Amino acid sequence: MALRMWASSTANALRISVASKARLSPYSFSRCFSAVIDGLKYATSHEWVKHEGSVATIGITDHAQDHLGEVVFVDLPEVGTSATQGKSFGAVESVKATSDINSPISGEIVEVNSKLSESPGAINSSPYEEG
């Protein structure tokens with residue numbers, strides 16, 4: 001376990017990712033109890049991006065939702081607005097704190113996960129799929 005944590009910390013410091021073909025899980029490796037998923041790009045501000053052709057999906061990491069605690073409200077951007085890399089384009093409010101969601105890339109908002117308005121806790125239960 002200590003070797004895995006050292007390898008994870010080293011890979012993080014060098015900004016490289018490691019894909020494990022031997023596992024059946026979609027997780028590449030675990031970084032201090034947080035999941036790292038193959039095919040996603042991660043920002044240092046704890047957002048992730050998944051590119052699918054000309055569209056990218058953005059969310060917050062498992063690590064971020066874990067530190068926030070129970071999410072009670074999500075401020076989503078409006079469709080048609082633009083997002084600028086490194087700038088806030090939404091917010092997540094939990095019982096502990098409110099945190100800005102910074103865009104890891106620039107582009108136009110073409111769709112939002114409107115289910116989060118009714119069920120913001122989906123970010124806690126499924127930060128990479130439903131949240």
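Remember, predicted model here, so these are calculated numbers, not experimental data.
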Colleague: Give a yes or no on whether the backbone of Ser106 and the side-chain of Ser103 come within a donor-acceptor separation of less than 3.5 Å.
Modeller: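 Such a contact is absent between Ser103 side chain and Ser106 backbone.
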Colleague: If every non-hydrogen atom of Ala56 is compared with every non-hydrogen atom of Ile105, which pair is closest and at what distance?
Modeller: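 Closest heavy-atom pair between Ala56 and Ile105: CB-CD1, 3.5 Å.
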Colleague: Of all residues at least two apart in sequence or in a different chain, which pass the salt bridge (Lys or Arg N to Asp or Glu O under 4.0 Å) check with Lys87?
Modeller: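 Lys87: no salt bridge (Lys or Arg N to Asp or Glu O under 4.0 Å) contacts found.
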Colleague: Which value, rounded to the nearest 0.5 Å, describes the distance between Ser125 atom OG and Gln65 atom CD?
Modeller: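 The OG atom of Ser125 sits 8.5 Å away from the CD atom of Gln65.
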Colleague: Ignoring hydrogens, what is the shortest heavy-atom contact between Gly69 and Asn124? Give both atom names and the distance.
Modeller: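 Closest approach of Gly69 to Asn124, heavy atoms only: O-ND2, 2.8 Å.
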Colleague: Between side-chain atoms of residues 107-118 and protein atoms elsewhere (two or more places apart, or another chain), which donor-acceptor pairs fall under 3.5 Å?
Modeller:
| from | atom 1 | to | atom 2 | distance (Å) |
| --- | --- | --- | --- | --- |
| Asn113 | OD1 | Lys115 | N | 3.3 |
| Asn113 | ND2 | Glu130 | O | 2.7 |

Colleague: Could you list the donor-acceptor pairs under 3.5 angstrom formed by side chains in residues 45-52, with sequence neighbours left out?
Modeller:
| from | atom 1 | to | atom 2 | distance (Å) |
| --- | --- | --- | --- | --- |
| Ser45 | OG | Glu47 | OE1 | 2.3 |
| Glu47 | OE2 | Asn102 | N | 3.1 |
| Trp48 | NE1 | Ile60 | O | 3.0 |
| Trp48 | NE1 | Pro127 | O | 3.3 |

Colleague: Do you know which two heavy atoms are closest between Tyr42 and Ile37, and how far apart they sit?
Modeller: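 Closest approach of Tyr42 to Ile37, heavy atoms only: OH-N, 2.7 Å.
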Colleague: Any idea which heavy atoms bring Thr98 and Ala91 closest together, and the distance?
Modeller: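 Smallest heavy-atom distance, with atoms named: CG2-CB, 4.3 Å.
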Colleague: According to a hydrophobic-cluster definition based on side-chain heavy atoms being under 4.5 Å apart (Ile, Leu, Val, Met, Phe, Trp, Tyr only), do Leu40 and Val92 belong together?
Modeller: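 No, Leu40 does not connect to Val92 through the hydrophobic network.
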Colleague: If I compare all heavy atoms of Val74 with all of Pro120, which pair ends up nearest, and what's the gap?
Modeller: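 For Val74 and Pro120, the tightest heavy-atom pair comes out as CG2-CB, 3.9 Å.
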Colleague: Just so I know, are the side chains of Thr61 and Tyr128 near enough to count as touching, which here means a heavy-atom distance under 4.5 Å?
Modeller: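 Answer yes - side chains close enough.
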